[in-house]
Amino acid sequence: MLTKRAASDVNAFGAKFGRLVRSYRDDLGLSVRDLAINVWNDEGRKASISRLENGHVANPAARTVQRLAHALGIPQDEIDALREPIQSLPSQLEGLPNARRDQLEALASRFEIDNVFDKSDAELRTLLDGKASEYRIFKRRLDELDDRLTHVADIKAAAREAAAQLDLDKYEELLLQIDESYSEMTVRAKEARARNALLRGRADEAYQGFASAAETWRNIDPSRSVKGRLEYHRALFEHGLRFGGTGLERSADILRPALATQDCAAPRRARVLQNLANALANIGVRSEGTASMALMDEATQKYEEALSLVSEDEDGDVWAMVQQNLGAALSMRAKQCDDTGERRAFLGRAIEAFRAALRLRPRDSKPLEWAMTTQNVAVTLLETAHATPGKDGLMLLKRADQLLHDTLGVRSRDAAPFDWALTQENLAIVSQAMAERCAVSERADHLASAARHVAAALEVFQSEGDTYYHEKASELALEIKQSAAQAKSDDPAA
């Protein structure tokens, strides 16, 4: 449910395309193995896809790009936007790698990025690189309006010729094309205004523009309206993850009307439900109190509704992905329970969902998916340990620790830095919990281990300019430091 970025040359086409492939593949619930089979009928090519997704292929072959785009349904304009040379950007964005601090701050302020002066240079460069990506798409869509105007002019000329020849049937046909073209131009103009609002960090304005565009599409073609809402959701969702603000909330709002569309086929409806649930869960994680609980409950309900539309036998990858996300939502919901019995009930449901997902995610054939779900099992065991006193709770912590170390056999820092950092952070949390359960003489070792793990996670989060995760891990590092100081004063042998 979380966006992941690879630590590589962010300006290389291959790195950008790899992130796009990963995003679409996750959205569709496909494994790397199954994508390799769909594209090349060769599961041995999954390593190539993994390298691409993690930013290790700077210039993928044109045929590879074409095949992956076709298999995942990636629009050509998104690929074209990635190919635009860096010099096509405004000069301020063009010089990001070498920009001075004052230039970074001035440019970030231009895009209305919050808390500019509190962010590191790395964070600002990462955020501004995101703005550069948004600008490329915005510019491409704006250029499309010129192409559409030329197309309409050609149709109007043909219509005048048909009228002059008294070919009224042809004249009517061409008038209909003009009508449809003007309607599409209206949509594209609304989309351009929405993306311009995103460039300035105004997610609410962008939502209004996207919602108006979707309604215009609905009058032309209801199914195209649903497709448009999924596209607009992606723009708002990724903006919210990158820049904060109300992007995540609006990404959920843009999808809700799609569920009321009568001719939305079951697979697409399941996709809408899962994307909506992902947005709700991410908002819930960033919220507090009863509001967070309500969001997680709604996310859970949407995941379960999506599961009712797909089956383990016919839609295995999608079904497993939804089970994975359902388990994660249930595990996070358990943290919000004060009642031990209620907490255990949520955690039990989470374990069931993860076990279901793992049936279709074996380590030998789907290692990345296996690692993702196994890490979630470890986190759920950690939460169960908090609700389990004595030695039984400590045994659960040891099991969680072992599972997390197992995932590092698949997730390396070089190949999957963000996932590796998440695992390091979770290992720090488990070590911290062990320190609270063990003898006073053993606390220092567990806390030292926790400190090493969180420091490793912080190094990656900082290098990627990931503000949300960096701040969260920084708070954990401070807690561990304070616990270590307390343990030292409590240990008479120290």
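For reference, positions follow the sequence shown, starting with 1. Keep in mind it's a predicted model, so treat the numbers as computed, not measured.
- The two residues A328 and F354 have their closest heavy-atom pair at N-CZ, 3.3 Å.
- Between the side chains of Q482 and Q486, not a single donor N or O lies within less than 3.5 Å of an accepting N or O.
- Going from atom CD of E314 over to atom OG of S311 covers 4.0 Å, rounded to the nearest 0.5 Å.
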> Under the salt bridge (charged side-chain N to carboxylate O under 4.0 Å, His left out) criterion, do R413 and E459 qualify, and how do the steps go?
Replying inline: CA-CA 11 Å; R413 179 168 181 171; E459 187 177 341; 3.2 Å; yes
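- Atom CG of N59 sits in a sparse spot, with 12 or fewer heavy atoms from other residues, nucleotides or ligands closer than 6.0 Å.
- Taking the charged nitrogens against the carboxylate oxygens, K366 and D317 do have a contact shorter than 4.0 Å, which makes a salt bridge.
- Between L198 atom CG and E238 atom CD the span is 10.5 Å, to the nearest 0.5 Å.
- Between atom CG of residue L368 and atom CZ of residue R411 there is a gap of 8.0 Å, rounded to the nearest 0.5 Å.
- Salt bridge status for E249 with R286: absent, with no side-chain N to carboxylate O gap under 4.0 Å.
- Annotation: side chain of F237 is in contact with side chain of N282 (closest heavy-atom distance under 4.5 Å).
- Closest approach of G284 and S292 over heavy atoms only: O-OG, 2.7 Å.
- Without hydrogens or angle criteria, T373 side chain to E369 main chain gives a donor-acceptor distance under 3.5 Å.
- Minimum heavy-atom separation, R361 to W370: O-CB, 3.4 Å.
- Here CE of M296 is found 9.0 Å from OG of S331. Values are rounded to the nearest 0.5 Å.
- In summary, E105 and R101 engage in a salt bridge, as defined by a charged side-chain N under 4.0 Å from a carboxylate O.
- For Y232 and Y207, the distance between ring centers is not under 6.0 angstrom.
- With salt bridges taken as basic N to acidic carboxylate O contacts below 4.0 Å, none links R51 and D414.
- A distance of 12.5 Å separates OG1 in T380 from CZ in R349, rounded to the nearest 0.5 Å.
- The closest side-chain heavy-atom distance from E425 to H453 is not below 4.5 Å.
- Around CZ of R355, the count of heavy atoms belonging to other residues, nucleotides or ligands within 6.0 Å does not exceed 12.
- Separation of atoms CD (E53) and CG (L68) is listed at 8.5 Å; rounding is to 0.5 Å.
- In summary, E436 and R443 do not engage in a salt bridge, as defined by a charged side-chain N under 4.0 Å from a carboxylate O.
- Closest non-hydrogen pair, R437 versus G390, comes out as NH1-O, 3.3 Å.
- Comment: R195 engages E231 in a salt bridge, judged by a side-chain N to carboxylate O separation of less than 4.0 angstrom.
- Nearest heavy atom pair, residue S474 against residue L458, reads OG-CD2, 3.4 Å.
- Across A306 and A270, no two heavy atoms sit closer than the pair CB-O, 3.9 Å.
- If you check the side chains of Q375 and T407, you find no donor sitting under 3.5 Å from an acceptor.
- Within 6.0 Å of atom CG in D338, 12 or fewer heavy atoms from other residues, nucleotides or ligands are found, so the atom counts as exposed in its surroundings.
- A salt bridge does not link K398 to D401: none of the charged nitrogens lies less than 4.0 Å from a carboxylate oxygen.
- T388 and R344 are linked by a side-chain donor-acceptor pair at a separation below 3.5 angstrom, with hydrogens and angles left out of the test.
- In this structure, a donor-acceptor pair under 3.5 Å is absent between the side chains of Q274 and N278.
- Every salt bridge (Lys or Arg N to Asp or Glu O under 4.0 Å) that R229 has, sequence neighbours left out, goes to E215.
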